[in-house]
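As structure tokens, the structure follows; a few thoughts come after it.
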Amino acid sequence: MHNRRAALRLLAGTASLALTLSACGKDSEGSSQGSSNGNTVGIAMPTQASERWLTDGKSVVDDLTRKGYKTKLVYGNDNPKTQVAQIQDLIEQGVDALIIAAIDNKSMNGVVKQAAAAKIPVISYDRLILGTENVDYYVSFDNEQVGRLQAHYIIQELGLEDGKGPFNIELFAGSADDNNTKYFYDGAMRLLQPYLDSKKLVVRSGQTELDKVTTLRWDGPTAGKRMEGILADSYRSRTVDAVLSPYDGISLGVLSALKADGYGSAAKPLPVITGQDAELPSVKSIIAGQQSQTVYKDVRLLAEVAAEMVDAIFNDRTPRVNSRRAYNNGVKYVPAFLLQPTSVDKKNYDYVLVAGGYYTAAELK
Ligand code: GAL
């Protein structure tokens with residue numbers, strides 16, 4: 001019932017956002033968009049190795065194309081230097097706006113300065129660019145809420161609110177150079193900390209500080225290696241009951257370390273393990289009863305908001321934002337539009353992901 005209500009809320013939110021976005025895109029002649037005036041938008045995405053960013057890139061291109069814009073889409077191969085060079089290239093090619101999902105949020109200062117000098121507006125996509133005034137808007141999800149949803153799932157599945165425990169938990173975070181990492185981790189830890197304090201949750205590795213639990217470039221195998229080390233050092237005569245994982249790729253890396261250590265049998269069940277992005281391999285893993293949960297973020301909406309922002313800027317309208325003070329990049333508050341994430345597990349994936357049109361039932365087979 002709870003999941004169904006959440007899914008309905010999600011669908012209602014989606015519908016009203018789509019309405020708001022298309023309403024704010026109406027120009028005086030009543031067409032559903034502004035004028036593209038032949039403008040070209042440069043889109044810099046971080047990596048093709050993760051499925052979600054392929055969907056992001058494709059969705060942004062589709063939305064802008066539908067509005068009459070030309071697009072240039074590049075992927076930075078998870079290498080900050082490559083990405084900076086690509087953006088420089090886009091500026092030299094004369095793009096009129098930039099949508100950037102940064103690999104390293106602090107490496108962008110020089111290149112966005114060049115963009116500002118060329119009067120090219122910059123939209124920070126999903127990951128906030130830090131330490132510069134030259135970022136105009138930010139579009140993302142409520143990133144602390146992502147962490148809260150992951151922690152809440154662990155609390156619920158372990159029965160901590162009913163007084164069960166103590167349980168062993170291990171903690172994983174994303175890439176240290178991604179501004180979202182600390183939002184996810186802080187959001188989760190805010191809910192988990194009381195149980196750590198009361199010792200109903202115990203981190204046997206002792207690794208709880210953010211700088212001890214990050215995973216460079218969100219890499220699954222890197223997280224898997226860390227998990228292997230933790231199992232060898234701290235779990236020889238114990239079992240781990242839960243793993244906080246911030247992202248599906250990390251969850252799958254951790255899962256393979258667990259399986260190699262004999263987890264996944266009736267005698268040694270897999271721990272509760274969270275995730276994020278509802279990537280196809282993870283949704284399949286959830287259906288197979290391995291990964292427990294993921295946080296779904298409809299990146300089609302993220303793309304739509306980014307495209308609307310660009311269209312508004314080119315047509316002298318103020319882009320629609322719903323948060324002016326939540327994200328400070330160290331130099332200024334960046335006006336933002338934040339979308340809501342949804343927790344997905346075995347019970348509601350069908351309703352949220354299939355009925356919501358993110359995947360077909362055949363894709364999940
Ligand atoms: C974050 C993003 C997450 C996940 C992660 C790894 O910036 O917010 O949804 O995709 O990167 O790609």
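All ligand and atom numbering here is 1-based and tracks the order in the structure. Here, residue 1 is the first one in the sequence, and each next residue gets the next number. Just so you know, these numbers come straight off a predicted model, no measurement behind them.
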Below 6.0 angstrom between ring centroids: does that apply to [X] and [Y]?
| X | Y | value |
| --- | --- | --- |
| F337 | Y137 | no |
| F314 | Y69 | yes |
| Y333 | Y327 | no |

| task | Report yes if the side chains of F141 and Q340 come closer than 4.5 Å at any heavy-atom pair, otherwise no. | result | no
| query | Taking the side chain from D248 and the backbone from E279, do they hold a donor-acceptor pair closer than 3.5 Å? | reply | yes
| query | For A312, does its backbone N or O pair with a side-chain atom of N315 as donor and acceptor, under 3.5 Å? | reply |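 Side chain of N315 to backbone of A312, a donor-acceptor pair under 3.5 Å: no, none is there.
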| Protein residues that have a heavy atom under 4.0 Å from any atom of ligand 1, sorted by chain and number | R52, W53, D126, R127, D178, N180, F184, W218, Y247, Q276, D277, K297
